[in-house]
Structures are given as C-alpha cells and as structure tokens.
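Let me begin by presenting the structure, written as structure tokens, before commenting on it.
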Amino acid sequence: QVQLVESGGGLVQPGGSLRLSCAASINIFSRYTMGWYRQAPGKQRELVATIRTGGITVYADSVKGRFTISRDNTKKTVTLQMNSLNPEDTAVYYCNARWGSDHWGQGTQVTVSS
C-alpha cells in the first residue's frame, strides 16, 4: 500500500519561498515517477513538476526557473523548493507517485498573499 504525506505548506508573502516535502511509504520508491500537482479554487488539478527514476525533471511553464523538484531514494522523499512565489501559485499542492497507477497524498495548502 502506498502512502504519501505532504508537509511544508503555509502562508507566504509574494516574492517569498516555501519548501514542500513528501514522505512516501513505498516498497520500491526508486521505480516511481514522483511529482507535485496543484489545484486552485475553481480550477482543475494541474502538473507542477515531476522527477523520474533517473532524475529527469519536467516543469510546468509557469514555474520554470522558480521551482525545483528533487528526490532522495534512500529517504523515500521528494521535495519542491518554491522561490519567487506569487499569488497565482496559491493552491492545494499534492504529492503524486506513479508506477502504472497514480497515488496521491492528502494535499497541503500554499497561500501567497500580502
């Protein structure tokens, strides 16, 4: 059974930074593509960033150059460093694990506001 637990969300001012973490209970973590998605009020869930087993990353255009995704296969964690945050980044952020099927965390709220 796959369990994902996110942490690190909160309230931050525009231009600030936050670091999200996801702890995974997965037997073969290294085989999973890990990712972060977000869902803003009234909008569909969207991709933020993913990182494959070999470290290949994909970013949404809206976060390129500001966000960095990384993973630690020993600790079974994936992190999202978010810099230069703006109000449009406000959303619930979800950790995702994918290997044949999708698994989701419960989400963590990120609010960017002055």
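Keep in mind that the numbers below use all heavy atoms, side chains included, and drop hydrogens, waters and symmetry copies. Because the structure is a prediction, the values reported are computed rather than measured.
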Interatomic distance, CZ@R98 vs CG@N96, rounded to 0.5 Å, equals 5.0 Å
With side-chain contact (heavy atoms from CB on, under 4.5 Å) as the criterion, how do T33 and I51 come out once you've worked through the C-alpha distance, each side chain's angles and the decisive distance to 0.1 Å? CA-CA 6 Å; T33 293; I51 183 166; over 6 Å; no
Return yes when atom CZ of R66 has more than 12 non-hydrogen atoms of other residues, nucleotides or ligands closer than 6.0 Å, and no otherwise. yes
Minimum-distance pair of heavy atoms, taken over all atoms of [X] and [Y]:
| X | Y | answer |
| --- | --- | --- |
| V112 | T90 | N-OG1, 2.9 Å |
| Q39 | A91 | O-CB, 3.4 Å |
| A49 | Y59 | CB-CD2, 3.5 Å |
| T74 | D72 | N-OD1, 2.9 Å |

Step by step, work out the side-chain contact (heavy atoms from CB on, under 4.5 Å) result for V48 and M82. CA-CA 11 Å; V48 176; M82 305 186 293; over 6 Å; no
What pairs meet the disulfide bond (SG atoms under 2.5 Å apart) rule with one or both residues in residues 23-79, with sequence neighbours excluded? none
Taking the side chain as every heavy atom from C-beta outward, state whether [X] and [Y] have any pair of such atoms under 4.5 Å apart.
| X | Y | value |
| --- | --- | --- |
| R71 | T79 | no |
| R38 | V63 | yes |
| S101 | H103 | yes |
| I69 | W36 | yes |

Would you be so kind as to tabulate the donor-acceptor pairs closer than 3.5 Å made by side chains of residues 8-30, with sequence neighbours excluded?
| residue | atom | partner | partner atom | Å |
| --- | --- | --- | --- | --- |
| S17 | OG | N83 | OD1 | 2.9 |
| R19 | NH1 | Q81 | OE1 | 3.2 |

Could you identify which residues cluster with Y94, counting Ile, Leu, Val, Met, Phe, Trp and Tyr as linked when any side-chain heavy atoms lie under 4.5 Å apart, either directly or through a chain of such contacts? Y37, L47, V58, V92, W104
Start with the C-alpha gap between Q106 and E6, add the side-chain angles, then the distance that decides, and say whether side-chain hydrogen bond (donor to acceptor under 3.5 Å, both in side chains) holds. CA-CA 7 Å; Q106 82 286 352; E6 301 100 334; 3.3 Å; yes
Do W99 and Y32 have ring centroids that are under 6.0 Å from one another? yes
